[in-house]
Amino acid sequence: MTVVAPGASAARPQLIREINEQVLLDHIRRSGPISRTELAGLTGLSKPTVSAALGSLERTGLVHVTGQRTGVPGPAANLYEVRPDAGYVLGLDVGREFLRGAISDLAGTVRARLSVRTKAGDAMARIQELADLSTTLAAESGIDVTQLTQTVLGSPGVYDPRLDALTLTGRLSGWDSPATLAALRDRFGASMMIENDVDAAAIAERVHGHGRNVDSFAFVSVGTGIGMGLVLDGKLRHGSHGVAGEIGYLPFTEGSGSDPRDARKRGGFDASASAAAVVRAARRAGVRGASTAEKVFAAAARGDAVAAAVVAEEALLVAKAVCTVITVVDPDLVVLGGGIGQAPGFLEAVSHQLHKLAPVIPEVKASVLGRESVVAGCLAAGLDRSWQTLVGRVGTQG
């Protein structure tokens, strides 16, 4: 026997209206500008039901009429789309040398973008710089910071939901302190999201790059640090402790640029194959002017045989890590990112080694997204969260 709580029958029509409005809002977001007739066809709802729901959504300020469709039989049809100014998202990339940020509206249009060199010597100073950057971006966007629907920080390290703490923050001194997380929430609100920077770049790759039409792919970033963002069945995977993709901790330490002290701080593979390791390997091998990984790669491209050997060893190390990923999750695609991952010729060198190592060879590509990929991923994640929040409010604003 089913027991109906008192008032349930009266509440049912309101619940149905809210569900209808949520369904229509989702279709408008994904397919707009769109007409009432098209919405009725997509949802199976009657035209009067669609009209009533659209009227409610217009009153809440979430959708508006953006124009009319003409040139087809019958009267001109009003076209509906989401109001871009119904919400704003702030995306911030917390780097060791640069802070990058952008604000987009709810339609995904970037209203302002800015990159500044950080002068901060500690975590609290860096948070103040992030707050100043957000204020500047809001002013350039023509909005107040109070109009921000969601803020997402792309940061080194991982957020462990079990401990409510940032861990494995690497080269950002003091960033894993409990006081840092508390100060960030104080500045940007309790709803602020923190996404690992490489995971954020993987989100950008899924939305804007090679991963757009791929169900499962691994984004492997090799540069100042090493990390991976793993998308399986269309969803970014963090793992139980947030460390899914922390391949810098793979126990690969055979590289000639490896450093035991660095390995204790940042992981064996990071200490063997990051940009600093490439520089160490080149200097130990006697490559002149090897002050940066970029210069080592440039020397190899000019025909320096010793530098070329360092680059070849780097390609082998990265191929071993990618092979490990392939044998564990078997992705459709592997995307190489970061300063080394996107270096000219490196994709081909890694692919050559992979053919010797891996049992199967997925498609391997170099990312075409630039330095703004972390910010782009933060904006994409923030838009998704904003939509969840706004859709959840449908029916409560009437």
Side-chain angles (χ1 to χ4, degrees), residues 25 28-30 32-33 57-67 79-95 97-120 125-155 183-195 197 199-201 203-209 369-394 397:
L25 186 59
I28 294 170
R29 178 198 178 191
R30 299 179 188 282
L57 290 172
E58 283 188 276
R59 288 190 294 274
T60 63
L62 291 178
V63 303
H64 67 161
V65 175
T66 187
L79 298 177
Y80 293 83
E81 71 174 5
V82 171
R83 290 186 64 94
D85 58 357
Y88 297 92
V89 175
L90 169 66
L92 296 170
D93 175 9
V94 187
E97 296 183 14
F98 288 90
L99 304 179
R100 296 183 171 89
I103 288 177
S104 76
D105 59 30
L106 205 60
T109 301
V110 175
R111 297 293 188 93
R113 189 188 300 276
L114 191 61
S115 175
V116 297
R117 184 179 288 276
T118 179
K119 300 176 182 178
R126 184 172 285 105
I127 292 172
Q128 183 59 54
E129 288 184 341
L130 288 168
D132 293 341
L133 177 59
S134 66
T135 300
T136 301
L137 286 167
E140 291 189 4
S141 300
I143 66 170
D144 188 87
V145 290
T146 59
Q147 294 177 262
L148 292 170
T149 312
Q150 184 66 54
T151 296
V152 182
L153 268 68
S155 168
L184 285 169
R185 285 172 173 160
D186 183 61
R187 287 284 187 172
F188 298 105
S191 65
M192 173 202 68
M193 296 168 57
I194 297 181
E195 193 66 80
D197 50 2
D199 282 346
I203 294 172
E205 200 68 42
R206 177 175 62 82
V207 176
H208 304 290
L369 304 182
R371 294 177 178 177
E372 300 296 326
S373 62
V374 174
V375 171
C378 289
L379 292 178
L383 282 170
D384 282 344
R385 177 64 65 87
S386 291
W387 271 106
Q388 293 172 16
T389 302
L390 291 170
V391 168
R393 293 176 185 169
V394 168
Q397 302 180 31

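Quick note: residue numbers are just sequence positions, from 1. Everything numeric here is computed off the predicted structure, so don't read it as measured data.
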Worksheet item: Do any N or O atoms from the side chain of Ser141 and from the backbone of Leu137 form a donor-acceptor pair under 3.5 angstrom?
Response: yes

Item to complete: Measure the shortest side-chain to side-chain distance between Gln150 and Cys378 over non-hydrogen atoms and say whether it is less than 4.5 angstrom.
Response: no

Discussion item. Would you compute the distance between atom CG of Leu379 and atom CG of Leu92 and round it to the nearest 0.5 angstrom?
Written reply: 9.0 Å

Item to complete: Taking the side chain as every heavy atom from C-beta outward, state whether Glu97 and Arg117 have any atom pair closer than 4.5 Å.
Response: yes

Fill in: Test side chain to side chain contact (heavy atoms under 4.5 Å, CB included) applied to Asp186 - qualifying residues, sequence neighbours left out
none

Fill in: Point-to-point distance, once rounded to the nearest 0.5 Å, from CG of Asp144 to OG1 of Thr135
9.0 Å

Discussion item. Please check: side-chain N/O of Glu129 versus main-chain N/O of Ala120, any donor-acceptor pairing under 3.5 Å?
Written reply: yes

Worksheet item: What are the two closest heavy atoms between Ala86 and Leu106, and how far apart are they?
Response: CB-CD2, 3.8 Å

Discussion item. Is there a side-chain contact between Leu130 and Arg187 in this structure, where contact means two heavy atoms from C-beta onward sitting under 4.5 Å apart?
Written reply: no

Worksheet item: About how many Å separate CG of Leu383 and CD1 of Ile203, when rounded to the nearest 0.5 Å?
Response: 11.0 Å

Worksheet item: If every non-hydrogen atom of Ala204 is compared with every non-hydrogen atom of Ser373, which pair is closest and at what distance?
Response: CB-O, 3.2 Å

Worksheet item: Within a strict 4.5 Å, meaning less than it, do heavy atoms of the Asp197 and Val94 side chains meet?
Response: no

Worksheet item: Roughly how far, to the nearest 0.5 Å, is CD1 of Ile143 from CG of Asp105?
Response: 9.5 Å

Practice prompt. Give a yes or no on whether the backbone of Val152 and the side-chain of Glu195 come within a donor-acceptor separation of less than 3.5 Å.
Written response: no

Worksheet item: Between Thr149 and Tyr88, is there a donor-acceptor pair closer than 3.5 Å when you use the side chain of the first and the backbone of the second?
Response: yes

Item to complete: With sequence neighbours excluded, tell me which residues meet salt bridge (Lys or Arg N to Asp or Glu O under 4.0 Å) with Arg83.
Response: Asp85

Practice prompt. State the CG-OG distance between Asp199 and Ser155, to the nearest 0.5 angstrom.
Written response: 11.5 Å

Worksheet item: Any chance CZ of Arg185 has more than 12 other-residue heavy atoms, nucleotides or ligands included, within less than 6.0 Å?
Response: yes

Discussion item. Less than 4.5 Å apart, side chain to side chain, heavy atoms only: is that true for Trp387 and Leu25?
Written reply: yes

Practice prompt. Measure the spacing between CD1 of Ile28 and NE2 of His64 and express it to the nearest 0.5 Å.
Written response: 10.0 Å

Response to the item:
Taking every heavy atom of Pro33 against every heavy atom of Thr66, the minimum-distance pair comes out as CB-CG2, 3.7 Å

Worksheet item: Can you name the nearest heavy-atom pair linking Ser134 to Phe188, along with the distance?
Response: OG-CE2, 3.8 Å

Worksheet item: Can you check side-chain contact (heavy atoms from CB on, under 4.5 Å) on Glu58 and Val65, steps first, answer last?
Response: CA-CA 8 Å; Glu58 283 188 276; Val65 175; 3.9 Å; yes

Item to complete: Could I get the full list of salt bridge (Lys or Arg N to Asp or Glu O under 4.0 Å) partners for Glu372, not counting sequence neighbours?
Response: Arg100, Arg113

